[in-house]
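Report on one structure; see the data block that follows.
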Amino acid sequence: MNNSKIAEIFNKMADILEIEEENPFRIRAYRRAAQTIENLSGDILQYVKEDSLVKLPGIGEDLASKIKEFLKTGKIVSYEKLKKKVKPVLLDMLDIPGVGPKTARLLYERLKIRSLAELHAKARAHKISGLPGVKDKTEENILKGLDFLKKDIGRMRLDVAFITAQYIVSELKKLPEVIEISPAGSLRRMKETIRDIDILVTSKENEKVMDAFVKLPNVGNIIAKGATKSSILTKNNIQVDLRVVSPDSYGAALMYFTGSKAHNIRMREMASKMGLKINEYGVFRVKGNKKIAGKNESEIFSLFNMPYIEPELRENTGEIEMALHGKLPKLVELKDIKCDFHVHTEDSDGVLSLEEIAKIAKKKGYKYVIISDHSVSLKIAGGLSEKRLLNEIENIRNFNRNSKDIKLLAGSEVDILEDGSLDYSNVILEKLDFVIAAIHSGFRQSKDKLTTRIVKAMKNRYVNLIAHPSGRLIGQRTAYELDYERIFSVAKETGTAVEINAYPERLDLTDVNCKRAHELGIKLAIGTDAHLEGQFDNMIYGVSVAKRGWVEKKDLLNCLTVEELKEFVECKRRC
DNA sequence: GCCGTTTTCGGCCCGACTGTTTTCAGTCG
């Protein structure tokens, strides 16, 4: 994807400029542009075609021309020139926690370091201590930092962060000194991956809270401990930052630590134009330093004539403008969900019976569930032969005759074969209440071929939903490339929905593609892809993707009654 | 490099912690 490549180049350019001790605001401009591009919904090529690059925040004439140059020639000449200015090892050193441009330059110039391996050797031989401003502690921290890199501690999946945070929050809640507590940061914004966990506490006795925090049973290492901020590494090497503020700063601190950075910068810019200043303690008049808000987030937003902005939207991707114009979407909530669209039974690779699934769904407050076992070709997952599928349909009909609260709909996760045909005949598909189609093989085909496969499936009148379209597994398998504009346009034309798969490894569609689908009026449906009872809980992650994608109730099939859903299916079949 | 109810030039978000100092630079978020 062009977006991520260009964002990466702008970030690298910022790194180089930082080492070169260039104007910090110029460096920030590159980083800001990179962030804007990363968060775009849709390929940046679209903006070039519409000649609207310079309308994007942080992109002016110069960066726009660099983007166009990249799209035309595959490179940016000024970047190629910059790269020649610094040795690669300097950029590598920036990846070490605690090492910034100043330290990297010092190490490079004084010790002639040429690789991270060399740096490791020098640190172990105590050759770093003694440099100006460097003593044993810094040397030790460089070794720790290198170790951290080796362990390849990148970003963790949302569910891992969510569960870890839940544990820490529940432990800290037990302290009488803790008044309020909330996760913050990218976890509160429910990003698909999280770098570290931020937790905010209000208290009047900071030290007691900090002491208890660094002594939690799952703490492996204390990185820093202060009066208002401490950081630890858990035994599983997850970094957790705890901030403690007084109760009258809760809203300001929560806003500040929730971010995103880009969102906060916009808020601060607006404040500064009004003669105000926002920090984690509150909103203050610059003249006289009088505090005028800070206790909760809503009062801060309303100071700027904005309604409350949900954390999932705070990415500076238009939410502030929409809020100012009173046009924020009314985001879907977990409580709006009436159905899980993607569930496997013991008939294919799940472990649950129809009765057990219905029981779980009832507990969740759902009205119906779509049973969607695998189709015949997916042998490894116990794909159902036509005969077994017909038998399952019969069992579902029988179950429904005796079930008042919960209805089960006969569905299937039908394989889209390598030529784009489906794994069951239309005669069989017609007997189902709802048909999900998905790709499970031939991932290495070209972008065009894969897109055509999905398009062909969508054009079948019995196919209602395309499951996990990109095939990605976060941290394990990259998404295959698809032409989403083409897929969305056919989805719209044929009345086919697209899935948000709530499996934490998948979260596919992504939030960015969801936002594009929402803009185009494409119907979406969240499925947990549950094979076990616990996996029904993953619905929260699917809803969070939907919220990050600006999805409203009207966009989401999960919010329909069973009758409305049947009408959705019939509508496509009639056409 | 971006951007405009303070501005087409001169600003650009703000604060905490660490390690080194003895008042602060570097790094981070």
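Labels below follow one simple rule: chain letters A, B, ... track the order of the sequence lines, proteins then strands, and each chain is numbered from 1. None of these values were measured; they are calculated from a predicted model. When reading the values below, keep in mind they use all heavy atoms of this one structure, side chains included, and skip hydrogens, waters and symmetry mates.
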Quick one: which of [options] gets closest to the side chain of [X]?
| X | options | result |
| --- | --- | --- |
| A:R28 | B:dC13, B:dG15, B:dG19 | B:dC13 |
| A:R195 | B:dC12, B:dG29, B:dG19 | B:dG29 |
| A:I265 | B:dC13, B:dG1, B:dG19 | B:dC13 |
| A:A224 | B:dC14, B:dG19, B:dT18 | B:dT18 |

Residue pair A:E280/A:V134 against DNA chain B: nearer the 5' end by closest nucleotide is A:E280

Margin query: For A:V54 and A:T228, find the nucleotide of DNA chain B closest to each by heavy atoms; which residue's nucleotide sits nearer the 5' end?
Written below: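 On the 5' side of the pair lies A:V54.
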
Taking salt bridge (Lys or Arg N to Asp or Glu O under 4.0 Å) as the cut-off, I'd like each qualifying pair that reaches into residues 266-279 of chain A, sequence neighbours left out, listed once.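 Those involving residues 266-279 of chain A are A:R266-A:E321.
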
Residues from [range] lying under 4.0 Å of DNA chain B - heavy atoms:
| range | value |
| --- | --- |
| residues 300-327 of chain A | none |
| residues 90-104 of chain A | A:I96, A:P97, A:G98, A:V99, A:G100, A:P101, A:K102, A:T103 |
| residues 73-87 of chain A | none |

inquiry  = Check this for me: does any side-chain nitrogen of one of A:E69 and A:K72 sit under 4.0 Å from a carboxylate oxygen of the other?
reply    =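 Result for this pair is no, no salt bridge flagged.
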
- Query: Is the shortest distance from a Lys or Arg side-chain nitrogen in A:E118 or A:R114 to a carboxylate oxygen in the other one below 4.0 Å?
  - Reply: no

Check whether any side-chain N or O of [X] sits under 4.0 Å from OP1 or OP2 of [N], and answer yes or no.
| X | N | result |
| --- | --- | --- |
| A:Y281 | B:dA16 | yes |
| A:N279 | B:dG15 | yes |
| A:S272 | B:dC13 | no |
| A:R268 | B:dC13 | no |
| A:K229 | B:dG29 | no |
| A:N141 | B:dG19 | yes |

Check every strand shown and say whether [X] touches a base, only sugar-phosphate, or nothing at a heavy-atom separation below 4.0 Å.
| X | value |
| --- | --- |
| A:Y30 | sugar-phosphate |
| A:R243 | sugar-phosphate |
| A:K261 | base |
| A:A271 | nothing |

key: Where at least one partner belongs to residues 174-193 of chain A, residue pairs that pass side-chain hydrogen bond (donor to acceptor under 3.5 Å, both in side chains), sequence neighbours excluded   =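 Of all non-adjacent pairs touching residues 174-193 of chain A, those that pass side-chain hydrogen bond (donor to acceptor under 3.5 Å, both in side chains) are A:R155-A:T193, A:E171-A:K174, A:E180-A:T202, A:R188-A:T258, A:R188-A:E297, A:R188-A:Y308, A:R189-A:E315, A:E192-A:R472.
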
Under a 3.5 Å cut-off for both contacts, is B:dC28 paired Watson-Crick or G-U wobble with anything, and if yes, with which nucleotide?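 Pairing partner, where one exists within any strand: B:dG15.
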
Could I get the full list of side-chain contact (heavy atoms from CB on, under 4.5 Å) partners for A:N221, not counting sequence neighbours?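 Partners of A:N221 under the side-chain contact (heavy atoms from CB on, under 4.5 Å) test: A:L233.
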
**Item:** Test of ring centre spacing under 6.0 Å for A:Y503 and A:Y541
**Value:**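 Distance test on ring centres: not under 6.0 Å, no.
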
